[in-house]
Amino acid sequence: MLVERMRPFTSTIFTEISRLAVETGAINLGQGFPDTDGPASLLADAAHNITDGGRNQYPPGPGVLELREAVAAHQKRFYDLDVDPADVLVTAGATEAIASVLLGLCGGGDEVVTFEPYYDSYAASIALSGATRHTVPLRAPDFAFDPDELRAAFTSRTKVVLVNSPHNPTGAVFSREQLTLIGELATEFDAVVVTDEVYEHMAFDGTPHVPMATLPGMAERTLTISSAGKTFSVTGWKVGWVHGPPELVGAARTVKQFLTFHGGAPLQPAVANALALDDAFYDGVITDLTRKRDLLSDGLRAAGFDVFATHGTYFVVTDARPLGFDDGFDLAYRLPELCGVAAVPVSVFASTPEGVEAMRPLVRFAFCKRDEVLTEAVERMGGLRDKA
Ligand code: PMP
Ligand code: GLN
């Protein structure tokens with residue numbers, strides 16, 4: 001029954017591995033969600049908005065004004081970007097922003113350039129739109145792209161280039177030079193840049209996060225997407241947003257209003273307040289995640305994995321071959337039973353034969369967990385050596 005364009009997408013790896021983790025009682029380092037809740041003030045604000053604040057009915061079309069203003073203020077504060085709150089659209093997480101943008105801008109015959117491996121909803125949303133996906137490989141160990149391969153992916157039909165930095169699943173953070181090249185090609189081929197910056201506050205070791213829209217001339221062709229889920233450890237809230245030039249945001253709004261209409265009324269003003277939290281909060285996110293990244297990366301190395309450097313996000317990618325496991329997909333499904341830990345195979349974030357092959361031995365672990373949970377996971381994986 002299922003329509004042909006959605007047949008490759010019947011389940012997601014996150015659903016499958018999380019179910020496996022629950023069934024086996026494994027520590028779930030597969031699906032990326034924190035095991036602690038976000039800032040107390042955020043939770044209290046949301047509770048107040050529900051019980052006493054009278055914020056439980058449909059919010060206005062583009063999202064509540066407080067949140068649109070807070071997103072604009074956040075972009076000014078962190079990136080010196082001038083954003084008109086009228087050009088911010090609040091969505092049901094970044095996921096709905098991505099879908100609305102692609103459905104609003106692309107159709108049959110159009111092409112979307114993105115990088116492989118990619119966050120899984122990209123492929124599904126591109127397929128829904130009827131456009132064709134052209135991917136540019138990111139290869140281990142540094143997951144950088146080859147500029148010639150990037151250029152070769154663009155054609156006169158390229159409508160959108162979909163960028164994600166800091167990058168899930170690889171943990172790469174695109175440099176200013178890399179982003180500039182993407183921007184130059186988008187300009188040359190008159191494509192819109194859609195940039196998924198949900199991990200914007202998770203770049204480590206002083207690596208700068210460079211928003212695409214801050215590059216010269218790029219704001220006028222860039223749609224910037226982010227969300228509250230990662231920054232404030234509330235992945236289940238699904239409050240996201242997109243901003244950019246009015247005609248591009250308008251295309252997304254047209255679609256979005258018929259996907260969910262509008263949601264998250266009591267959560268939106270709470271997120272608005274959280275965006276204005278002081279620098280100590282944002283610095284703390286980086287300090288905590290840097291420590292967790294090191295804890296897990298060192299532990300995985302000690303357990304026998306090859307571990308690739310993570311510069312951003314809360315994921316670390318490993319190569320399981322030194323342990324005798326050639327197939328990360330197979331390992332991810334066996335890991336809960338072998339040692340009581342769950343992880344996701346990186347090959348599921350690829351679809352070209354070369355991409356799947358290049359990612360075959362790689363497994364992704366999430367480190368957005370309490371230190372003691374990561375320590376326990378590392379201990380459990382200590383016994384993996386003899387189990388291949
Ligand atoms: N983009 C990327 C790269 C992600 O990792 C995620 C989180 N799963 C999303 C988008 C979706 O964000 P949200 O939960 O706000 O829909
Ligand atoms: N973004 C998270 C991850 O990559 C979770 C995504 C999801 O559950 N759909 O793990």
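Just so you know, ligand 1 is whichever comes first in the structure, and atom 1 is the first atom listed for that ligand.
With hydrogens left out, the protein atom closest to atom 7 (C) of ligand 2 is Phe14 CD1, 3.4 Å, a heavy atom. The single protein non-hydrogen atom nearest to atom 6 (C) of ligand 2 is Tyr119 OH, 3.2 Å, given as residue, atom name and distance. For atom 8 (O) of ligand 2, the closest non-hydrogen atom on the protein side is Gln31 NE2, 2.6 Å.
Of the candidates Phe315, Tyr119, Tyr199, Tyr314, Tyr199 brings a heavy atom nearest to atom 5 (O) of ligand 1.
Residue-environment remark: CZ (Arg157) stays at or below the threshold of 12 foreign heavy atoms within 6.0 Å. Surrounding CD of Glu23 are more than 12 heavy atoms belonging to other residues, nucleotides or ligands, all under 6.0 Å away.
Looking only at atom types and distance, the side chain of Asp205 has no donor-acceptor partner in the side chain of Thr290 under 3.5 Å away.
Contact annotation: for Tyr314 versus ligand 2, there are no heavy atoms closer than 4.0 Å. Of all the heavy atoms of Phe33, none lies under 4.0 Å from any atom of ligand 2, so neither backbone nor side chain is involved. Proximity of Glu96 to ligand 1, defined as any heavy-atom pair under 4.0 Å, is not found for any part of the residue. At a 4.0 Å heavy-atom cut-off, ligand 1 touches Ser227 through the side chain alone.
Atoms of ligand 1 found under 4.0 Å from any heavy atom of Asn168 (numbered from 1 in listed order, with element): 3 (C), 4 (C), 5 (O). For ligand 1, the atoms closer than 4.0 angstrom to any heavy atom of Asn164 are 3 (C). Applying the 4.0 Å criterion to heavy atoms of Val198 picks out, from ligand 1, the atoms 1 (N), 2 (C), 4 (C).
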Full working for ring-ring contact (aromatic ring centres under 6.0 Å, His included) between Tyr119 and Tyr199: CA-CA 12 Å; Tyr119 180 57; Tyr199 298 102; 8.4 Å; no
Derivation and outcome, side chain to side chain donor-acceptor pair (under 3.5 Å), residues Asn28 and Ser18: CA-CA 7 Å; Asn28 190 355; Ser18 285; 3.1 Å; yes
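Residue contacts with ligand 1: Thr95 is placed with a nitrogen or oxygen under 3.5 Å of a nitrogen or oxygen of the ligand (distance criterion only). Looking at Tyr122 next to ligand 1, no N or O pair under 3.5 Å apart turns up. At a 3.5 angstrom cut-off on N or O pairs, Lys230 counts as close to ligand 2. Considering backbone and side-chain atoms alike, Lys238 places an N or O below 3.5 Å from some N or O of ligand 1. Ligand 2 has no nitrogen or oxygen under 3.5 angstrom from a nitrogen or oxygen of Phe315.
Once rounded to the nearest 0.5 Å, the distance linking CZ of Phe325 with CG of Leu384 reads 5.5 Å. Expressed to the nearest 0.5 Å, how far OG1 of Thr235 lies from CG of Asp37 amounts to 9.0 Å.
The cationic atom of Lys369 (NZ for Lys, CZ for Arg) lies less than 6.0 Å from the six-membered ring centre of Phe33 and within 45° of the ring axis.
With respect to Tyr122, the side-chain hydrogen bond (donor to acceptor under 3.5 Å, both in side chains) criterion is satisfied by exactly one of Thr114, Thr135, Asp196: Asp196. Residue Phe143 forms a ring-ring contact (aromatic ring centres under 6.0 Å, His included) with just one option from Phe115, Tyr118, Phe315, Phe308, and that option is Phe308.
For the ligand labelled ligand 2, residue Asn168 lies inside the 4.0 Å heavy-atom shell.
Taking the six-membered ring where tryptophan is involved, the planes of His201 and Tyr79 are essentially parallel, since the angle between them stays under 30° and well short of 60°.
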